[in-house]
**Q** 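What follows is a single structure, and I will ask about it in a moment.
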Number of protein chains: 2
Amino acid sequence: MSTKQSTNQLPILQLDEKDMAILKLLQIDGKMTIRDIASKLNLSTTPVYERIKKMEQAEVIKQYAAIVDPKKINKGLTVLCYITLKEHSKKYGKKFIQEILGFTEVTECLNISGEFDFMIKVQVKDMDEYREFYVNKLGELDNLSHTQSIFVISVIKTTHQVVF
Amino acid sequence: MSTKQSTNQLPILQLDEKDMAILKLLQIDGKMTIRDIASKLNLSTTPVYERIKKMEQAEVIKQYAAIVDPKKINKGLTVLCYITLKEHSKKYGKKFIQEILGFTEVTECLNISGEFDFMIKVQVKDMDEYREFYVNKLGELDNLSHTQSIFVISVIKTTHQVVF
DNA sequence: TATTTTTTAGAACAAATGTCTGTTTTTTAT
DNA sequence: ATAAAAAACAGACATTTGTTCTAAAAAATA
């Protein structure tokens, strides 16, 4: 029998140095024009155009996005919240995940090794807003065993760049 | 006496619902055109144009970027590495930070509360590459007290969106 | 209510953009 | 060395883009 596959089945690209060079530039400036990229890499527009299209279709480039500064929109407090579940069955794990995905405060959710099952990153205005989240949203979930909140004192570095 | 201020002194914007609506759209599609945004928000191009420019200058919008899928470029292993320093003086902290910022594998570095001083997120291909990083880069720093590596089993959610 | 100030509408322009076609160069395989 | 295949070049086109201007509307102030 075949089960539903959540892993997307897209052409696996073998990227060369030119592809990587393009990605490197677009990671820093997603609005960079094909001509500018071409001239910076000593190429013509055609190969740059085709390579970008190829990487977009293969979802190497997942999206183009404006990166907003959380501090500037009153979301300057970051909290890492570690969570262990009571029930670890697949069923209960999925339920937890679905509920977590519904919380807009949660900007990241990782299933991790070690003492805890999950780490979620919570982005809020201040401690009041975090308490509100912790008590009325996270606290309402019925599968939690225990949690631990670690507060971010300062953000030294944060980037989406993975190509160098 | 005045000391060097690292905190950027930019006009603090009071954003209204229209600004937030624009940010919301640009976070999802940074290449969205001013006309498209305008029509979606039932506005003309002028206010949209001026509001975006204003938010760019105030660095509410930090940048436009292409978001690359780490898995697709052979950086599919994420490790959270927790670090405590031996010396906590300002001088030694700065040295540590400077060295960490030089490691391209580190996509995030947070100064945190609790047992450890820092959490760094390390993005690598596989365990071999992590060991290489752990031994030859992190291990070469001379101010480390102790560390703990937590491995990401699966990424449930990850986003840069902070406006909803 | 009257008046000033701020914001938006609507249209228009020049410049820049993605996209395509045919040709040339480079690479690969025989 | 030669043929075949793949990649890059160069240039051109239609469209769309950011941007600006003037007038109108809306909001804020007195």
Side-chain angles (χ1 to χ4, degrees), chain A residues 8-69 72-74 160-164, chain B residues 8-69 72-74 160-164:
Chain A
N8 51 357
Q9 205 57 36
L10 283 167
I12 291 155
L13 288 188
Q14 191 57 29
L15 304 173
D16 61 17
E17 313 77 37
K18 285 172 186 171
D19 293 315
M20 296 296 264
I22 292 170
L23 287 180
K24 189 173 162 181
L25 292 174
L26 286 177
Q27 273 186 331
I28 294 164
D29 181 5
K31 286 199 156 179
M32 206 169 173
T33 188
I34 292 176
R35 278 174 175 72
D36 287 348
I37 296 170
S39 85
K40 225 171 202 174
L41 302 181
N42 288 110
L43 285 171
S44 63
T45 59
T46 315
V48 174
Y49 172 75
E50 285 170 354
R51 283 161 183 272
I52 290 176
K53 275 284 162 295
K54 184 186 62 178
M55 293 191 286
E56 286 172 354
Q57 277 156 22
E59 289 176 20
V60 173
I61 298 173
K62 287 195 290 184
Q63 66 167 327
Y64 297 90
I67 310 296
V68 174
D69 187 344
K72 298 275 172 68
I73 57 155
N74 268 318
H160 52 272
Q161 289 185 242
V162 281
V163 183
F164 291 94
Chain B
N8 54 355
Q9 204 57 37
L10 284 167
I12 292 156
L13 287 189
Q14 191 58 27
L15 304 173
D16 61 17
E17 313 77 37
K18 286 172 186 171
D19 293 315
M20 296 296 263
I22 291 170
L23 287 180
K24 190 173 162 181
L25 292 174
L26 285 177
Q27 273 185 332
I28 294 163
D29 180 6
K31 286 198 157 181
M32 206 170 173
T33 189
I34 293 175
R35 278 175 174 72
D36 287 348
I37 296 170
S39 85
K40 226 169 202 178
L41 302 181
N42 289 110
L43 285 170
S44 64
T45 59
T46 315
V48 174
Y49 172 77
E50 285 171 354
R51 283 160 182 272
I52 290 176
K53 274 284 161 297
K54 184 186 62 179
M55 292 192 285
E56 285 172 354
Q57 278 156 22
E59 289 177 20
V60 173
I61 298 173
K62 288 195 288 184
Q63 66 168 328
Y64 297 90
I67 310 296
V68 174
D69 186 345
K72 298 275 173 67
I73 57 155
N74 268 318
H160 51 272
Q161 287 185 243
V162 281
V163 183
F164 291 93

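Chain identifiers are assigned alphabetically (A, B, ...) following the order of the sequence lines, protein sequences preceding nucleic acid strands; residue numbering begins at 1 within each chain.
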**Q** Answer yes or no: does atom NZ of B:K40 have more than 12 heavy-atom neighbours from other residues, nucleotides or ligands under 6.0 Å?
**A** no
**Q** May I have the distance from A:I52 (atom CD1) to D:dA8 (atom P), rounded to whole angstrom?
**A**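 After rounding, the gap between these two atoms is 13 Å.
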**Q** Less than 4.5 Å apart, any side-chain heavy atom of A:Q27 and any of B:V68?
**A**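 Yes, close enough: below the 4.5 Å cut-off.
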**Q** Is it the case that more than 12 heavy atoms not belonging to A:K54 sit under 6.0 Å from its NZ atom?
**A**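 Yes, because the 6.0 Å sphere around NZ of A:K54 holds more than 12 heavy atoms from other groups.
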**Q** Whole Å only: how far is the CG atom of A:L43 from the C1' atom of D:dA10?
**A** 13 Å
**Q** At less than 4.0 Å, is any side-chain N or O atom of A:R51 found next to OP1 or OP2 of D:dA8? Yes or no.
**A** yes
**Q** Looking at CD of A:Q57 and CD of A:E59, how far apart are the two atoms once the value is rounded to the nearest 0.5 Å?
**A**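 Between atom CD of A:Q57 and atom CD of A:E59 there are 10.0 Å.
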**Q** How about B:K18 and B:L41: do any of their side-chain heavy atoms sit closer than 4.5 Å?
**A** no
**Q** Looking only at non-hydrogen atoms, find the nearest pair between B:K72 and A:L15 and report the distance.
**A** O-CD1, 4.0 Å
**Q** Output yes when at least one side-chain N/O atom of B:T33 is less than 4.0 Å from OP1 or OP2 of D:dT16, else no.
**A** no
**Q** Round to the nearest Å and state the distance from A:D16 atom CG to D:dA6 atom C1'.
**A** 13 Å
**Q** With heavy atoms under 4.0 Å as the rule, sort B:K18 into base, sugar-phosphate or nothing.
**A** sugar-phosphate
**Q** Would you kindly give the CD-to-P distance between B:E56 and D:dG18, to the nearest whole Å?
**A**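 Atom CD in B:E56 sits about 10 Å away from atom P in D:dG18.
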**Q** With each end axis built from five pairs of C1' atoms, what bend angle do you get for the helix from C:dT1-D:dA30 to C:dT30-D:dA1? Round to 10°.
**A**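 Inter-axis angle at the ends, rounded: 50°.
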**Q** So, taking the atom named CG in A:L26 and the one named CE in A:M32, what distance separates them when rounded to the nearest 0.5 Å?
**A**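 A:L26 atom CG to A:M32 atom CE measures 7.5 Å (nearest 0.5 Å).
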**Q** Take the protein atom CD1 of A:I37 and the nucleotide atom C1' of C:dT17, then report the distance between them rounded to whole Å.
**A** 12 Å
**Q** Quick one: A:K31 NZ to D:dG18 C1', roughly how many Å, whole number?
**A**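 Result: 9 Å.
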**Q** Could you grab the distance from atom OH of B:Y49 to atom CD1 of B:I22, nearest 0.5 Å is fine?
**A**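 Going from the OH atom of B:Y49 to the CD1 atom of B:I22 covers 13.0 Å.
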**Q** Looking for any heavy atom pair under 4.0 Å, which part of the strands does A:D36 touch: base, sugar-phosphate only, or nothing?
**A** nothing
**Q** To check you understand the geometry: which heavy-atom pair defines the closest contact between A:T45 and A:I34, and what is its length?
**A** O-CG2, 3.7 Å
**Q** How long is the straight-line distance from CG of A:D16 back to CZ of A:R51, given to the nearest 0.5 Å?
**A** 4.5 Å
**Q** Taking the side chain of B:S44 as heavy atoms from C-beta outward, which of D:dC9, C:dG10, C:dT7 is closest to it?
**A** C:dG10
**Q** Specify the separation, in whole Å, of atom CE of A:M32 and atom C1' of C:dG18.
**A** 16 Å
**Q** Could you tell me whether B:E56 and B:K53 make a salt bridge, using a distance below 4.0 angstrom between a side-chain N and a carboxylate O?
**A** yes
**Q** Could you run down nucleotides 19-26 of chain D 5' to 3' and tag each one B, S or - for protein heavy-atom contact under 4.0 Å?
**A** BBB-----
**Q** Rounded to whole Å, how long is the line connecting atom CG of B:L41 with atom C1' of C:dT7?
**A**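 So the two atoms are 15 Å apart, to the nearest Å.
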**Q** For DNA chain D, determine which residues of residues 20-30 of chain A have any heavy atom closer than 4.0 angstrom to one of its atoms, and list them numerically.
**A** none
**Q** Which residue in the set A:V162, A:I61, A:I67 passes side chain to side chain contact (heavy atoms under 4.5 Å, CB included) when paired with B:I67?
**A**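 Checked A:V162, A:I61, A:I67 against B:I67; only one passes side chain to side chain contact (heavy atoms under 4.5 Å, CB included): A:I67.
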